[in-house]
> 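Sharing a structure here in structure tokens format.
Just follow the structure's listing: the first ligand is 1, and inside any ligand the first atom is 1.
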Amino acid sequence: MIADSMGCFTSAAKDANLNLVMMNLPIRPRRNRKSAAVRGLMRETTLSAANLIYPMFVQEGEEDTPIESLPGCTRWGVAGIVGECKRLYELGIPCVDLFAVVPEEKKDAAGSEAWNPEGVVPRAIRAIKAAVPGLCVMTDVALDPFNTYGQDGIVREYEDGSYEILNDETVEALCRQALCHARAGADIISPSDMMDGRIAALRAALDAEGFSHVSLMSYTAKYASAFYGPFRGALGSAPKFGDKKTYQMDPANVREALREAALDAAEGADFLMVKPATLYLDVIAEMRRATTLPIAAYHVSGEYLMLKAAAASGWLDEKQCMLEALLSIRRAGADMILTYAAPQVAEWLREETL
Ligand code: PBG
């Protein structure tokens with residue numbers, strides 16, 4: 001009773017004791033999963049420390065303070081961040097992204113602390129580049145940590161209580177901020193504000209001052225997401241009123257992300273970014289097909305915190321779940337990932353290769 005078509009059982013291999021049967025099945029995908037060595041050969045996507053960018057927070061003063069809303073992360077003083085950057089570089093992390101923590105008394109309506117050459121970010125850039133020159137230093141460009149509104153752009157208030165985020169005035173301020181970072185030695189500028197036309201304007205401003213070597217990572221598709229909550233807690237930068245929906249993207253949209261990608265490419269972005277990451281894997285995948293530019297994805301504070309909280313309660317395995325989440329972002333098509341788990345992940349990956 002030998003079956004001739006796939007999937008039929010045959011009695012030829014029947015074992016009297018174990019009652020084994022054998023299907024006439026020439027195509028067996030499990031052969032490609034039969035051992036660690038074979039699985040390794042078949043693996044389509046990898047995750048390595050070389051893919052990771054670590055977002056870091058830098059504050060005034062000497063102290064390093066743990067961030068309650070982002071377990072494992074720290075608000076660093078300039079001295080502390082330099083020491084940590086040495087360790088990160090030794091762990092194989094190629095790039096950090098710096099965010100400023102600004103005391104309330106230094107905030108104003110214009111956000112002018114954003115282009116103070118003695119502000120915490122330019123000071124941290126100079127110190128890091130002097131101590132760890134091989135580490136790539138990226139900086140965040142946007143006004144929300146610096147203005148009294150907690151909005152990424154310049155705000156015009158009207159008498160009836162309504163307000164507007166001014167696009168072109170904001171772009172001019174962002175150019176000032178970016179030049180301040182470039183003069184301090186930043187390697188990559190990453191505008192997170194979602195104003196129209198800022199990539200072309202930043203490129204022109206940088207080139208005009210001789211910074212044609214400074215790269216631009218555009219927050220191309222940054223969604224108006226509720227998953228930024230823990231980050232805003234870390235910086236004290238939550239909007240004082242309203243929301244960010246007139247500039248950040250509607251979570252319902254994907255074609256709009258491709259429109260933004262085409263504009264960023266035409267304006268001279270060196271690479272693009274999608275944010276958040278795991279909730280927007282379809283956007284990453286679509287963008288991957290639509291452009292030849294490298295793509296980054298930001299595994300944001302809320303995505304990180306969900307895993308940390310579930311792991312802290314004992315309900316999820318932190319290491320396995322974090323690695324799986326980050327791998328899914330790579331599989332969707334992201335070349336690099338901004339993640340608060342970067343140092344921990346680099347340690348885990350190092351242990352695995354020992
Ligand atoms: C603001 C900015 C935000 C994040 C990065 N830059 C928050 C926001 O847009 O309100 C979010 C990062 C995160 O949640 O991890 N320019």
Side-chain angles (χ1 to χ4, degrees), residues 52-58 67-75 95-102 107 111 113-115 121 138-155 165 167 170-171 173-174 177-178 181 188-195 198-199 202 216-251 260 272-280 296-309 322 325-326 329 334 336-342:
L52 305 179
I53 299 171
Y54 186 42
M56 300 182 86
F57 304 94
V58 56
I67 303 174
E68 212 180 323
S69 65
L70 282 176
C73 296
T74 303
R75 286 187 210 88
C95 186
V96 295
D97 186 10
L98 303 183
F99 292 88
V101 184
V102 183
K107 297 183 183 181
E113 178 66 11
W115 49 90
V121 167
M138 171 187 282
T139 60
D140 186 67
V141 160
L143 300 181
D144 52 311
F146 301 95
N147 66 30
T148 41
Y149 302 102
Q151 292 284 357
D152 292 37
I154 291 176
V155 179
I165 311 299
N167 191 87
T170 299
V171 171
L174 299 176
Q177 186 181 12
H181 296 175
I188 304 178
I189 303 291
S190 66
S192 66
D193 55 288
M194 291 300 283
M195 296 300 123
R198 90 276 211 220
I199 294 299
L202 287 166
L216 288 172
M217 176 184 80
S218 180
Y219 281 61
T220 298
K222 179 178 182 182
Y223 287 87
S225 171
F227 287 84
Y228 306 152
F231 170 97
R232 295 175 186 172
L235 286 189
S237 65
K240 298 292 183 304
F241 55 81
D243 54 43
K244 300 191 173 187
K245 291 180 184 169
T246 68
Y247 47 106
Q248 297 182 350
M249 279 180 46
D250 185 337
E260 291 281 5
L272 311 179
M273 198 246 270
V274 175
K275 174 184 181 179
T278 51
L279 296 149
Y280 295 83
Y298 200 141
H299 190 239
V300 301
S301 56
E303 296 174 285
Y304 172 81
L305 189 64
M306 284 196 297
L307 292 178
K308 293 293 279 191
M322 193 68 79
L326 299 179
I329 299 168
M336 59 208 113
I337 306 171
L338 292 97
T339 170
Y340 302 101

> Check ligand 1 against Y298 and write out every atom of the ligand that is under 4.0 Å from a heavy-atom position of the residue.
12 (C), 15 (O)
> Check the side chains of E303 and Y298 for a donor-acceptor pair under 3.5 angstrom, ignoring hydrogens and angles.
no
> To which protein heavy atom is atom 3 (C) of ligand 1 closest, and what is the distance rounded to 0.1 Å?
F231 CE2, 3.3 Å
> For atom 4 (C) of ligand 1, find the nearest protein heavy atom and state the residue, atom name and distance (0.1 Å precision).
K275 NZ, 2.7 Å
> Below 4.0 angstrom, N of the basic side chain to O of the carboxylate: do D250 and K245 qualify?
no
> So which heavy atom in the protein is nearest atom 16 (N) of ligand 1, and how far is it from that ligand atom?
S192 OG, 2.8 Å
> May I ask whether Q248 places a heavy atom under 4.0 Å from ligand 1?
yes
> Using the test salt bridge (charged side-chain N to carboxylate O under 4.0 Å, His left out), find all partners of K275 that sit at least two apart in sequence or belong to another chain.
none
> Nearest protein heavy-atom contact for atom 1 (C) of ligand 1: which residue, which atom, what distance?
D144 OD2, 2.9 Å
> Between ligand 1 and Y219, is the shortest N or O to N or O distance under 3.5 Å?
no
> Out of curiosity, is H299 lining ligand 1, as in a heavy atom under 4.0 Å away?
no
> Any donor and acceptor pair, going by atom type alone, linking the side chain of R232 with main-chain N or O of P239 inside 3.5 Å?
no
> State the atoms of ligand 1, each with its element, that fall below the 4.0 Å cut-off from a heavy-atom position in D152.
1 (C), 16 (N)
> Number the atoms of ligand 1 from 1 as they appear, then name those within less than 4.0 Å of a heavy atom of V300, with their elements.
13 (C), 14 (O), 15 (O)
> Using a 4.0 Å cut-off to any heavy atom of Y340, which atoms of ligand 1 qualify?
12 (C), 13 (C), 15 (O)
> Check whether any heavy atom of F99 sits under 4.0 Å from an atom of ligand 1.
yes
> Check each heavy atom of A142 against ligand 1 and say whether those closer than 4.0 Å belong to the side chain, the backbone, both or neither.
side chain
> May I ask you to check whether F57 and F231 place their ring centres under 6.0 Å from each other?
yes
